[in-house]
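Numbered from 1 within each chain, the chains take letters A, B, ... in sequence-line order. Quick caveat: nothing in here was measured; it's all calculated off a predicted structure.
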Number of protein chains: 2
Amino acid sequence: MSALGTEPEAELSIGDVAEQTGLSVHALRYYEREGLMLTRHIPRGTGGHRRYTSMDVKWLVLCNKLRASGMPLARIRRYAELVREGPGNEQERLDLLQEHQARVEQQLAELKECHRIITRKVGIYRQHLADDSTQDLWNITAQR
Amino acid sequence: MSALGTEPEAELSIGDVAEQTGLSVHALRYYEREGLMLTRHIPRGTGGHRRYTSMDVKWLVLCNKLRASGMPLARIRRYAELVREGPGNEQERLDLLQEHQARVEQQLAELKECHRIITRKVGIYRQHLADDSTQDLWNITAQR
DNA sequence: CCTTGACTTAGAGTCAACTCTAGGATTTAC
DNA sequence: GTAAATCCTAGAGTTGACTCTAAGTCAAGG
């Protein structure tokens, strides 16, 4: 209920985070090594085990979305660096996000075009099979 | 104008095909080795140079669409095998295409969701910058 | 005829993004 | 108290899809 975003923050083990994000524990260690997290070093508990917070989980969920839309890890690292630097570079963050947004729009257009072509081909084969036309159609792959 | 699809068929060098498909000559040789073409072996001219036809170009353009929509080369190879086998396996080809069609639809849904999230984040940063609010907002990355 | 550019093969190298292994240390459940 | 599960580090291995290299052969323009 507190308006300030600094609540108790139950700490999470790497296994918990893996479960909540769908990333493997291997991938999570790799992400830390690669500087993709919000802190350069995930704090460790007494026994040396990583202690993540729910902020980390939120960040990783965002990373998953960025990855799923084709952003390379190198670009995510750059974004993480900007966030780690703290306030002052918001314009640069915006630029990075907008560049990616444009890419995603391109991808969407391309994917829709692919879908159109595949759907047409599916239609041709459906037709062909429905006709029961065992006619050796010259080469169905070249149609249209 | 001939209704039968077997016209003169000017032959094309690997360089011509590369230019027309956007694939590199290296990739084209690789595709042949991997059994992704309509014939197991692209015929060679007297000097041992590959001679492609416009059918090959059409096929490769389709392959590009399938690849661009995330079909792995192994799956394209399977499709190529079915086409090489000739008539009789149309149902199997249709199944393969429909499976891919479904995947593309999933991808489209996922990509749209990513786009929505990125757009929201872009909106937050735009707002923040427009407000000229140099207020050290706690952590903009965690917003919403 | 000769040079330049395109082509040939076989095989090695690259890149991103993990994924796995070895050899231990720590934590948790009974 | 102990066994099983989970965690640690450092580093090697994997996968897919090319991409490049070496050491030539072939073809086209002047």
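No more than 12 heavy atoms of other residues, nucleotides or ligands sit less than 6.0 Å from atom CD of Glu19(A).
Which of dC7(D), dT19(D), dT19(C) sits closest to the side chain of Ile14(A) comes down to dC7(D). Residue His49(B) places its side chain closer to dC7(C) than to any other of dA17(D), dC7(C), dC8(D). For Arg50(A), counting side-chain heavy atoms from C-beta on, the closest listed nucleotide (dC18(C), dC7(C), dC8(D)) is dC8(D). Side-chain proximity of Arg29(A) to the nucleotides dT19(D), dC7(D), dT19(C) is greatest for dC7(D).
By the 4.0 Å N-to-carboxylate-O rule, Glu110(B) lies too far from Lys65(A) to be salt-bridged with it.
Within the structure, every side-chain polar atom (N or O) of Arg44(B) is placed at least 4.0 Å from both OP1 and OP2 of dC26(D). Side-chain N/O atoms of Thr46(B) include one lying less than 4.0 angstrom from OP1 or OP2 on dA27(D). One finds no side-chain N or O of Arg51(B) lying less than 4.0 angstrom from the OP1 or OP2 phosphate oxygen of dC7(C). In this structure, Tyr31(B) reaches the dC18(D) phosphate: one of its side-chain N or O atoms is under 4.0 Å from OP1 or OP2. Using a 4.0 Å cut-off, some side-chain N or O of Ser13(B) falls inside it from OP1 or OP2 of dC7(C).
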Exercise. Are Glu32(A) and Arg29(A) close enough, and set up right, to give a salt bridge (charged side-chain N to carboxylate O under 4.0 Å, His left out), and what steps lead you there?
Worked result: CA-CA 5 Å; Glu32(A) 182 186 355; Arg29(A) 296 196 194 103; over 6 Å; no

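The interatomic distance linking Glu34(B) (CD) with dT15(D) (C1') rounds to 13 Å, in whole Å. Summarising the geometry, the separation between CG on Asp16(B) and P on dA27(D) is reported as 14 Å, rounded to the nearest angstrom. One atom, CZ of Arg77(B), and another, P of dG16(D), lie 10 Å apart when rounded to the nearest Å. Between the NE2 atom of His41(B) and the P atom of dT9(C) there is a distance of 8 Å, rounded to whole Å. In this structure, Asn64(A) places its CG atom 13 Å from C1' of dC18(C), rounding to the nearest Å. Remark: P of dC8(D) and OH of Tyr30(A) are 18 Å apart, rounded to the nearest angstrom. When the C1' atom of dA16(C) is taken as reference, atom CZ of Arg75(A) falls 16 Å away, rounded to whole Å. Taking atom CG of residue Leu66(A) and atom C1' of nucleotide dA17(C), one finds them 16 Å apart after rounding to whole Å.
Proximity of the aromatic rings of Tyr31(A) and Trp59(A) is defined here by a centroid distance below 6.0 angstrom, and this criterion is not met.
Residue-to-nucleotide proximity on DNA chain C shows that, of Gly45(A) and His26(A), the 5′-proximal contact is made by His26(A). Mapped onto DNA chain D by nearest heavy atom, Gly47(B) and Arg67(B) fall at different nucleotides, with Arg67(B) at the one closer to the 5' end.
A donor atom on one side chain and an acceptor atom on the other are found under 3.5 Å apart for Tyr125(A) and Arg93(B).
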